Amino acid sequence: MKNLMPMKGLLLIAGLIMAGVSMAGEPSADVGEKIYTRAFGRGCGTCHDVQPNPNLFESVNKLSKEELTKVLVEGRNAMPKAMDQIMNLGPVKSAGLTQDQAVDSLIAYLKAGKK
Ligand code: HEC
């Protein structure tokens with residue numbers, strides 16, 4: 001029985017690694033939609049569904065992911081910084097998304113177009 005102890009340790013470590021893997025998130029257009037409709041309380045659409053503000057469903061085809069991320073992180077003119085808002089949303093947290101995956105989710109939603 002004594003020499004089973006090291007095995008137990010290994011199993012524990014393996015278990016922790018597996019838990020870590022299953023907790024890691026995956027980008028999804030569903031979460032992207034929640035970002036679009038819920039960020040800042042009433043969603044990005046409060047501003048972006050209104051002319052003459054840029055329509056994000058068009059912007060997504062014009063901006064690179066890097067350019068889009070930069071606007072979210074730094075803000076731009078009347079566009080508020082949005083990344084903290086996005087990362088603090090319930091659906092983003094519970095999906096366990098990294099910042100990169102949250103941006104991918106938003107892009108996936110915007111590219112699919114409004115339902
Ligand atoms: C308070 C109004 C407001 C809210 C809320 C808002 N935006 Fe904006 N956003 C703007 C304005 C105004 C601009 C144009 C900025 C400029 O002219 O430089 C802009 C620009 C952008 C751009 C650049 C678009 C382009 O074509 O260059 C992106 C990307 C963007 N916003 C994403 C978002 C996302 C994602 C959200 C929600 C998380 C959001 N915005 C919420 C007002 C807002």
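This structure is a prediction, so every number in the text was calculated from the model and none was measured. Order of listing sets the numbers, starting from 1, for every ligand and every atom in it.
- Numbered from 1 in the order shown, with element, the atoms of ligand 1 that lie under 4.0 Å from a heavy atom of A39 read 38 (C).
- The residue among V103, N55, T37, L63 with a heavy atom at the shortest distance from atom 23 (C) of ligand 1 is L63.
- Here T46 has no heavy atoms under 4.0 Å from ligand 1, in either its backbone or its side chain.
- At least one side-chain heavy atom of M79 sits less than 4.5 Å from a side-chain heavy atom of H48.
- The residue from L72, V31, L56, V60 that alone fulfils the side chain to side chain contact (heavy atoms under 4.5 Å, CB included) condition with L106 is L72.
- Within the 4.5 Å cutoff, the side chain of I86 has no heavy atoms near those of the Q99 side chain.
- In terms of heavy-atom proximity, V73 sits nearest to M83 at CG2-CE, 3.7 Å.
- Counting the atoms of ligand 1 from 1 in the order shown, those under 4.0 Å from a heavy atom of L106 are 35 (C).
- For the pair Y36 and G45, the tightest heavy-atom approach, listed with the atom from each and the gap, is OH-CA, 3.6 Å.
- Residue D100 holds its CG atom at 7.0 Å from OG1 of T69, rounded to the nearest 0.5 Å.
- Those atoms of ligand 1 that come under 4.0 Å of a heavy atom in A78, given as number and element, are 12 (C), 42 (C).
- Less than 2.8 Å away from atom 8 (Fe) of ligand 1, the protein contributes these N/O/S atoms: H48 NE2, M79 SD.
- Residues passing the salt bridge (charged side-chain N to carboxylate O under 4.0 Å, His left out) test with K70 are E74, sequence neighbours excluded.
- Using bins of under 30°, 30° to 60° and over 60° for the plane-to-plane angle, the ring pair Y109/F57 lands in the perpendicular bin.
- Inclusion of N77 in the set of residues having an N or O under 3.5 Å from an N or O of ligand 1 is warranted.
- Pairing each heavy atom of G96 with each of Q101, the nearest pair is O-OE1, 3.9 Å.
- Protein heavy atom in closest approach to atom 25 (C) of ligand 1: S59 OG, 3.5 Å.
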